[in-house]
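Please read these numbers as outputs of a predicted model, since none were measured by experiment. Every number for a ligand or one of its atoms is a count from 1 in the order of the listing.
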Amino acid sequence: MAKHNNNLFFMVALLSSIIAASKIVAVSEFTVPPQPEPGFYKAMRKCFKKISAECAESVVDAVLEDQDMSKKCCVELVHKMGRICHEHLLWFLASHSKSGVNATHVFIRGPEVYNSCVLKLHQ
Ligand SMILES: *[C@@H]1O[C@H](CO)[C@@H](O)[C@H](O)[C@H]1NC(C)=O
């Protein structure tokens with residue numbers, strides 16, 4: 001579990017650096033993987049400008065640590081960030097499998113997180 005929390009911490013730090021800077025920097029043992037297509041990180045930065053840092057962290061937490069999301073962050077995820085941006089984030093998280101992130105888990109849990117938010121908004 002400690003390893004997991006450590007991952008979460010660095011992932012959030014790495015994400016923040018991607019969101020904040022136009023230049024991608026590596027944080028600790030996490031290296032930034034090459035983009036799957038040109039403009040990917042630029043698109044990702046745009047995605048994360050749409051939601052609060054608190055909710056961006058909450059989405060990462062929900063995917064990696066199986067946490068629940070608040071209705072407030074679900075609203076941001078579904079209505080501000082949207083599914084395409086969520087898929088970008090999942091790819092980004094899964095690309096860190098060498099650093100101990102379980103990619104299989106990310107691709108199973110990721111869509112669950114999004115769908116449970118959609119349900120939550122209709123309650
Ligand atoms: C990765 O996640 C999958 C799906 O949740 C799980 O079945 C598998 O045991 C996990 N692997 C590790 C090494 O934790």
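Looking from atom 8 (C) of ligand 1 to the surrounding protein, the closest heavy atom is N102 ND2, 3.7 Å. Scanning all protein heavy atoms for the shortest distance to atom 5 (O) of ligand 1 gives H105 ND1, 3.4 Å.
The local environment of NZ in K42 is sparse, with at most 12 non-hydrogen atoms from other residues, nucleotides or ligands closer than 6.0 Å. Summarising the local packing, CG of L119 is surrounded by more than 12 heavy atoms from other residues, nucleotides or ligands at distances under 6.0 Å.
Ligand-side atoms of ligand 1 in range of I108: 4 (C), range being under 4.0 angstrom from any heavy atom.
The backbone N or O of L64 lies less than 3.5 Å from no partner atom in the side chain of R109, so there is not a single donor-acceptor pair.
Here the two cysteines C73 and C117 have their SG atoms 2.5 angstrom or farther apart.
For atom 2 (O) of ligand 1, a protein heavy-atom neighbour is present inside the 4.0 Å cut-off.
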